[in-house]
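Comments concern the structure below.
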Amino acid sequence: MIVLTFASLFFTEIIKKQRVHILQYILIGIAMVVFYSLLLAISEHLGFNIAYLIASIATVSLIASFILMITRQKKTALLFGMILSLFYIFIYVLMQLRDYSLIVGSIGIFIILAVSMKLSTKVNWYTFDRQ
């Protein structure tokens, strides 16, 4: 999950040609780690499903608003928030599938890899300007 988020952030940085500082990557990573703490703490009182919903909405909202502050572009923040939401939904569905989680997870990761490979072909890596 964390790797997928960082990969999405990296592609956002490259495609939008807007630098994201390493400290901002670290803060986003910390937010993702805090998700698990929130999930555990809330699930002790409300049950896993509602806790997952609350923790994921809180985390996606926090990170998307941070992306908005970094990029100052609502469209980029909304798109990033939607991508993160899809990741959280994907993980939740995998946890619910139990017997089919390996095959569904493998197919999902394969599709994510294919999309990442396709995105990487749209970037001219040798002329990317790092101002």
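No hydrogens, no waters, no symmetry mates; every other heavy atom, side chains included, goes into these values. Because the structure is a prediction, the values reported are computed rather than measured.
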Kindly list each side-chain donor-acceptor pair under 3.5 angstrom involving residues 48-55, sequence neighbours excluded, with atom names and distances?
unit_1	atom_1	unit_2	atom_2	d
N49	OD1	Y92	OH	2.8
Y52	OH	Y88	O	2.7

Pair up each side-chain donor or acceptor in residues 67-78 with any protein partner under 3.5 Å, not counting sequence neighbours, and list the distances.
unit_1	atom_1	unit_2	atom_2	d
T71	OG1	I67	O	2.9
T71	OG1	Q73	N	3.3
Q73	OE1	T76	OG1	2.7

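If you chain together hydrophobic residues whose side chains sit under 4.5 Å apart, F66 and L23 fall into the same group. Residues L4 and V33 share a single hydrophobic cluster, defined by chaining ILVMFWY side chains whose heavy atoms lie under 4.5 Å apart. Both L38 and I30 sit in one connected hydrophobic cluster of ILVMFWY residues. Membership requires side-chain heavy atoms under 4.5 Å apart, directly or through other members. Using a 4.5 Å cut-off between side-chain heavy atoms of Ile, Leu, Val, Met, Phe, Trp and Tyr, with links allowed through other members, L86 and F90 fall into different hydrophobic clusters. F11 and I2 fall within the same hydrophobic cluster, where Ile, Leu, Val, Met, Phe, Trp and Tyr residues are linked whenever their side-chain heavy atoms come under 4.5 Å apart, directly or through other members.
More than 12 heavy atoms of other shown residues, nucleotides or ligands fall within 6.0 angstrom of atom OH in Y36. Annotation: I103, atom CD1; neighbour count of heavy atoms from other residues, nucleotides and ligands within 6.0 Å does not exceed 12.
Smallest separation of non-hydrogen atoms from G105 and L94: N-CD2, 3.3 Å. Scanning both residues, F6 and I28, for their nearest heavy atoms gives CE2-CG2, 4.3 Å. Closest approach of A31 to L62, counting heavy atoms only: CB-CD2, 3.9 Å. Between S120 and M117 the shortest heavy-atom distance is OG-O, 2.7 Å. Shown here for E13 and R19, the closest heavy-atom pair between the two residues is OE2-CA, 3.6 Å.
In this structure, F80 and L84 have side chains that are in contact, with non-hydrogen atoms separated by less than 4.5 Å. Counting heavy atoms from C-beta on, the side chains of T5 and L9 never come closer than 4.5 Å. In this structure the side chain of F87 reaches within 4.5 angstrom of the side chain of I112, judged on heavy atoms. Annotation: side chain of M95 is in contact with side chain of I91 (closest heavy-atom distance under 4.5 Å).
If you take CG on L39 and OG on S56, they are separated by 8.5 Å, rounding to the nearest 0.5 Å. Taking OG of S106 as the reference point, atom CG of L113 lies at 12.0 Å (rounded to 0.5 Å). Here OG1 of T12 is found 9.0 Å from CG of L119. Values are rounded to the nearest 0.5 Å.
Here the side chain of Q24 pairs a donor or acceptor atom with the backbone of H21 at under 3.5 angstrom. No donor-acceptor pair closer than 3.5 Å links the side chain of S101 to the backbone N or O of L97.
Taking the side-chain contact (heavy atoms from CB on, under 4.5 Å) definition, one finds that S85 meets it with V60, sequence neighbours left out.
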